[in-house]
Amino acid sequence: MNKNSSNTMALAPNTSNKRETVCIFGTGDFGRALGHKMIQSGYSVVYGSRSSQISNLIPKDAEVLGHAEAAQKAAVIIIAIQRQHYNFLTPLAEVLRGKVLVDISNNLKLNQYPDSNAEHLAQLLPGSKVVKGFNTVSAWALQSGTLDASRQVFVCGDDAEAKQMVMNIVRALGLTPLDKGSLLAAQEIENYPLQLFPMWKFPIFLSLGLTAFFFFYCVVLDIIYTYIYEKSNFSFFIAITIPNRVCPVMALILLALVYLPGIFAAIIQLYRGTKYRRFPDWLDKWMLCRKQLGLIALAFASLHVVFTLVTPMRAFVSWRTGEGIISQALNNKTEPLNHTNAWLSDSYLALGILGFFLFVLLGITSLPSVSNNVNWREFRFVQSKLGYLALILCTAHTLVYGGKWFLSPSAYKWYLPNIYILSLIVPCAVLVVKFVLIFPCIDKPLTQIRQGWERNPKYSK
Amino acid sequence: MNKNSSNTMALAPNTSNKRETVCIFGTGDFGRALGHKMIQSGYSVVYGSRSSQISNLIPKDAEVLGHAEAAQKAAVIIIAIQRQHYNFLTPLAEVLRGKVLVDISNNLKLNQYPDSNAEHLAQLLPGSKVVKGFNTVSAWALQSGTLDASRQVFVCGDDAEAKQMVMNIVRALGLTPLDKGSLLAAQEIENYPLQLFPMWKFPIFLSLGLTAFFFFYCVVLDIIYTYIYEKSNFSFFIAITIPNRVCPVMALILLALVYLPGIFAAIIQLYRGTKYRRFPDWLDKWMLCRKQLGLIALAFASLHVVFTLVTPMRAFVSWRTGEGIISQALNNKTEPLNHTNAWLSDSYLALGILGFFLFVLLGITSLPSVSNNVNWREFRFVQSKLGYLALILCTAHTLVYGGKWFLSPSAYKWYLPNIYILSLIVPCAVLVVKFVLIFPCIDKPLTQIRQGWERNPKYSK
Amino acid sequence: MNKNSSNTMALAPNTSNKRETVCIFGTGDFGRALGHKMIQSGYSVVYGSRSSQISNLIPKDAEVLGHAEAAQKAAVIIIAIQRQHYNFLTPLAEVLRGKVLVDISNNLKLNQYPDSNAEHLAQLLPGSKVVKGFNTVSAWALQSGTLDASRQVFVCGDDAEAKQMVMNIVRALGLTPLDKGSLLAAQEIENYPLQLFPMWKFPIFLSLGLTAFFFFYCVVLDIIYTYIYEKSNFSFFIAITIPNRVCPVMALILLALVYLPGIFAAIIQLYRGTKYRRFPDWLDKWMLCRKQLGLIALAFASLHVVFTLVTPMRAFVSWRTGEGIISQALNNKTEPLNHTNAWLSDSYLALGILGFFLFVLLGITSLPSVSNNVNWREFRFVQSKLGYLALILCTAHTLVYGGKWFLSPSAYKWYLPNIYILSLIVPCAVLVVKFVLIFPCIDKPLTQIRQGWERNPKYSK
């Protein structure tokens with residue numbers, strides 16, 4: 001879809017017009033890749049290097065000089081050197097005075113140093129204008145031209161003009177600069193490329209753990225129990241039947257876990273009578289990963305839908321259906337339509353479909369480009385009103401589906417409840433407490449508290 | 001997905017480096033929330049307040065002074081006061097001269113005042129540089145750190161430098177500033193957070209009304225009629241059977257309504273012989289909500305697909321299938337494959353699948369981030385060419401499905417046509433007129449008119 | 001979703017406040033549309049025109065003067081003239097000195113002239129500040145207000161202040177300016193609106209070709225062969241049965257083709273011992289359209305899923321099922337459950353579902369707004385790790401489904417293999433070679449090469 005990328009790639013070599021000269025300190029991998037790309041985009045590139053012996057890896061059209069001579073040729077100097085070697089730049093302070101230094105370095109782990117590399121550089125060379133940038137782009141991507149991932153280059157710096165010069169270079173290379181403000185943002189920018197879905201870790205581990213638990217729970221109750229007491233081997237249930245029991249349970253529990261912290265927050269605020277005290281840490285963290293929990297719940301719900309829809313195609317199911325029909329035919333009798341059954345089957349299917357539909361709507365609304373076009377009022381309407389409606393529909397779907405088995409002793413093999421009974425605990429608790437919370441006598445003080453009112457205001461001074 | 005958010009939240013408290021001092025007038029809820037967040041992000045905050053008695057709700061690290069003293073300490077002053085109290089700022093005009101005043105106020109309803117709050121403020125204090133901003137962010141979101149909705153802060157103002165200062169603060173708080181131009185944009189920015197899906201209202205009400213009508217139409221024909229004349233109780237049809245009749249009808253009609261205004265526009269332009277006269281108001285409004293109509297149609301189509309796919313899982317359907325097979329078995333006969341039926345059933349399914357596939361493609365293309373990467377030529381190709389193809393396929397799907405019943409008297413219970421006959425009126429009309437419009441003898445003058453040509457040009461002067 | 005659009009449209013006429021005067025040279029269609037829109041947004045518009053006879057198509061509130069007088073009234077002059085007539089501007093050079101000239105022209109085909117129109121204009125009038133812009137917006141869209149497609153206006157120019165003035169006008173018209181840097185970007189901006197999915201052409205033609213081939217291959221083997229040798233007419237297979245054979249084959253082959261160029265690249269790099277030599281051209285191009293190939297594969301996979309799910313609703317399938325059950329019932333025997341079959345059927349369904357699920361995840365991650373929020377490490381994790389997992393699952397799905405037929409002679413009608421055997425060639429080859437490449441003894445040198453190491457470094461100088 002993003003055909004811009006290719007477009008720029010294809011056109012870049014055409015722009016034969018010369019732009020200004022840029023100096024690159026350091027002939028390492030990234031320095032060379034950036035130099036290549038800049039020459040392609042029409043810049044003159046001069047490398048500053050200690051070694052007089054120059055690798056032929058350096059782009060042919062680039063000049064290689066000593067650091068001082070190279071620096072004098074350009075207004076913008078890209079520092080493609082690792083932080084450990086920044087000290088060697090101090091003797092060059094006079095040459096670098098007033099120049100724009102672009103710090104493109106990355107660390108090996110998060111918050112490796114107390115201060116960011118760019119701030120460290122700015123401190124070493126107070127006369128230069130340091131700009132952080134390019135560190136989120138990979139050398140491999142620059143070289144191969146396959147910039148499929150983010151084309152955004154985060155830029156920050158204290159000098160507006162210097163930042164503008166660097167952003168112009170970023171644009172000329174076919175990338176999109178994103179101004180992140182002053183050099184204080186450098187640490188965040190340096191940490192960015194080191195992350196691997198930090199917000200997703202807890203939700204994913206939680207759901208993997210729960211999934212494993214419910215899977216073995218089902219294996220024990222549906223396969224091992226049946227094998228021991230009924231001597232039938234239903235081991236093939238682990239391919240579809242059991243996943244299709246675990247997925248809806250996970251979806252329902254995770255969806256309820258999205259709304260549970262809001263319930264806790266409301267109770268804590270009502271109890272404290274103020275909104276101006278921090279929530280406990282676990283609650284804060286929980287609230288920050290609600291979106292991720294919801295999206296994982298949506299993934300489980302989608303799997304449940306597909307697993308359910310393939311049911312008629314399963315060899316086991318068509319065998320069982322045929323069996324039932326043949327035994328009726330051989331007994332020469334036909335059963336009349338059971339209206340209760342027809343009602344129950346149709347309603348739990350309909351409830352499930354509507355719940356899933358709302359769930360998908362919530363998922364679409366959480367796409368960054370959609371949520372950016374939605375204001376706070378609309379976002380709260382969708383995520384709170386429609387979200388609770390989805391939770392109600394999905395809980396009702398489960399209740400109607402399994403309701404008849406609650407009181408049936410066959411549902412309690414080895415005195416263990418069936419997992420859909422377990423799955424209903426959290427959502428039902430959330431819905432009951434939420435129902436209490438919207439009573440006017442409770443909702444009114446809560447709204448006041450959230451608007452800044454306090455039960456026991458204490459004035460200082 | 002947007003893990004940036006968490007990232008920024010987590011890192012913000014780390015930035016112990018001090019930034020400049022910002023002054024906040026007003027110690028209300030939003031003023032306090034903003035102050036908290038700014039202190040977290042490294043700013044010094046000084047509050048300007050009338051009252052000497054200071055609530056302990058004010059962040060601990062903030063200073064509280066009288067308005068004049070507070071204003072003198074900072075270059076940027078955030079006016080967290082309601083519009084009604086702006087007048088009290090006029091005596092401070094001298095102190096505020098040259099300062100950047102950030103108007104963060106919101107109104108209670110759309111276009112409450114003739115001019116925007118920010119313009120009103122700029123008029124009261126002509127010596128200050130007024131910038132509008134922050135009004136689209138909620139205090140609750142700032143405080144709890146759960147900025148799930150839009151992180152965009154619309155900023156506008158007449159002074160470029162003042163705007164830049166405010167945008168830097170926005171970035172430092174982990175939000176994304178969006179420059180909306182001069183202060184004339186303030187009214188739009190102030191109206192923004194008050195809206196609740198303004199473009200969706202008409203399409204949603206229209207489709208709710210039509211849905212209710214068709215639902216009762218079906219209840220009457222399928223349940224009440226059957227109950228009266230055939231004494232069978234099919235009340236459970238309202239869970240799935242009837243929704244699955246209403247959804248496709250709504251999808252088809254709404255999809256046709258997306259293309260109908262374009263047809264009207266073409267006819268009006270051909271009739272008038274010019275494109276330089278405004279369309280009637282109703283047509284203008286209709287054309288502006290075509291996207292919303294299309295997306296609602298897609299929602300109905302998706303529901304129709306899922307409702308159809310669960311068919312084999314319904315108790316009623318498996319009972320009916322078994323019934324049919326058993327009666328054949330008991331009569332000792334097997335029917336040969338009806339090739340016409342096989343052809344019809346396979347073709348309407350295939351047509352429906354392809355139509356739905358194109359429909360989903362159209363939906364994906366209308367995602368903001370995708371349509372931003374598409375130029376006009378491509379957008380028109382997708383929305384017009386592929387859209388008409390989808391309409392043709394969906395209409396054909398309905399025609400093949402229901403064709404055989406058109407002439408059957410049993411389809412006209414109580415002399416009322418079945419709803420799929422009703423559903424075909426609009427799409428068929430659109431397709432027929434569109435077919436006429438693409439005839440060269442009509443298409444050519446239309447294209448000329450759209451390129452600016454006039455049949456009866458009248459020159460003035 | 002993007003209700004901004006409507007919002008702005010609705011509010012624009014309200015802003016009665018006057019903005020500065022803008023001059024438009026040329027009274028053609030686009031010049032008139034832009035003038036209309038500008039007047040609506042509060043600007044004073046003065047047209048510069050040769051002709052004293054003025055069409056009444058020009059907005060009523062606009063003034064029309066000679067070129068020189070019109071130019072003197074405004075700081076920004078929009079050049080709504082075609083490139084061929086730029087020469088007539090040279091006599092006006094003195095009047096236009098220091099003015100901001102906005103080049104809004106488009107060409108009729110890609111790279112029509114050696115230099116861009118904007119650069120040509122800048123060369124003709126070196127004293128003026130030329131800014132490129134507005135060429136990506138259509139006159140029809142400006143006039144009708146239905147700005148559904150991209151609202152982005154690409155702007156470039158060498159003078160920062162002039163660019164800022166133009167970007168302010170863009171914002172005032174309710175559009176979003178996007179700074180593309182210096183005037184060198186003008187050619188790219190001029191080519192942009194002329195493209196029709198340039199990156200999609202090759203993948204789409206490739207998949208159309210392959211689809212046609214496999215379709216006829218299936219028609220020959222499944223319909224013609226059966227008709228000749230078994231005298232049965234299964235012509236209705238071309239509606240669903242055969243598409244549902246071709247779609248999965250296409251999806252699997254295209255998915256494998258996404259990963260094949262990476263394999264080639266690795267082999268080439270290992271062989272050459274360096275990453276600093278360009279890949280052959282065909283490989284470069286192939287790597288650039290991997291995303292498009294993957295999305296088309298996803299489209300085929302989605303069609304396969306829906307085609308499969310409607311299976312139980314087909315008249316042919318329910319006839320065949322009934323047939324089977326009735327023949328069992330008439331023979332008075334019931335077959336026991338075939339456990340091997342149950343295992344096979346459940347596992348290929350489960351593998352297919354999981355593979356499709358990962359495939360959809362990959363598709364969602366490639367949405368521009370999502371991939372913009374993902375850093376390189378995360379993007380590579382998703383596209384490479386999860387992508388290969390999806391390929392493994394889908395290949396396994398096909399192998400389990402068709403495995404039993406590999407050695408059966410009935411699968412080789414007319415000595416031709418069944419198409420799922422053909423479909424497995426590329427994916428299996430990719431997986432085997434990839435498996436070899438991740439052996440440490442091969443992976444280690446490859447990683448070193450990709451980090452910039454060379455087997456035979458040659459130093460120059």
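These numbers were taken from a predicted model, which means no experiment stands behind them. Each chain gets a letter, A, B and so on, in the order its sequence line appears, and its residues count up from 1.
With chain A as the partner, the residue from C:L330, C:I325, C:I353 showing the most heavy-atom pairs under 4.5 Å is C:I353. Ranked by heavy-atom pairs under 4.5 Å with chain A, the list C:C156, C:G352, C:S347, C:A329 is led by C:A329. By number of non-hydrogen pairs under 4.5 angstrom with chain C, the leading residue of A:G28, A:P177, A:A299 is A:A299. Of the residues considered (A:L309, A:V317, A:N168, A:V170), A:L309 shows the highest number of contacts with chain C, using heavy-atom pairs under 4.5 Å. Of the residues considered (C:R380, C:Q383, C:Q269), C:Q269 shows the highest number of contacts with chain A, using heavy-atom pairs under 4.5 Å.
Within the structure, no pair that satisfies the salt bridge (charged side-chain N to carboxylate O under 4.0 Å, His left out) test touches residues 348-373 of chain C, not counting sequence neighbours.
Across A:V155, A:T176, A:L178, a single residue satisfies side chain to side chain contact (heavy atoms under 4.5 Å, CB included) together with A:M167, and that is A:V155.
At a 4.5 Å heavy-atom cutoff, C:V360 makes no contact with chain A through either its backbone or its side chain. Contacts of A:F307 with chain C are made by both backbone and side-chain atoms, with heavy-atom separations under 4.5 Å. Looking at A:I238, the atoms closer than 4.5 Å to chain C (heavy atoms on both sides) all sit in the side chain, from C-beta outward. Both the backbone and the side chain of A:S235 come within less than 4.5 Å of a heavy atom of chain C. For C:T321, no part lies under 4.5 angstrom from a heavy atom of chain A. Proximity to chain A is absent for every atom of C:D115, based on heavy atoms less than 4.5 angstrom apart.
At most 12 heavy atoms of other shown residues, nucleotides or ligands fall within 6.0 angstrom of atom CD in A:E161. The environment of C:Y113 atom OH is dense: over 12 non-hydrogen atoms of other residues, nucleotides or ligands sit within 6.0 angstrom.
Between A:F154 and A:Y192, the distance separating the two ring centers is shorter than 6.0 angstrom.
Considering only residues two or more places apart in sequence or on other chains, A:R314 meets the salt bridge (charged side-chain N to carboxylate O under 4.0 Å, His left out) condition with C:D346.
For C:E378 (side chain) and A:F197 (main-chain N/O), a donor-acceptor pair under 3.5 Å exists by modelled atom type.
No donor-acceptor contact under 3.5 angstrom links the side chains of A:S41 and A:R19, judged on distance only.
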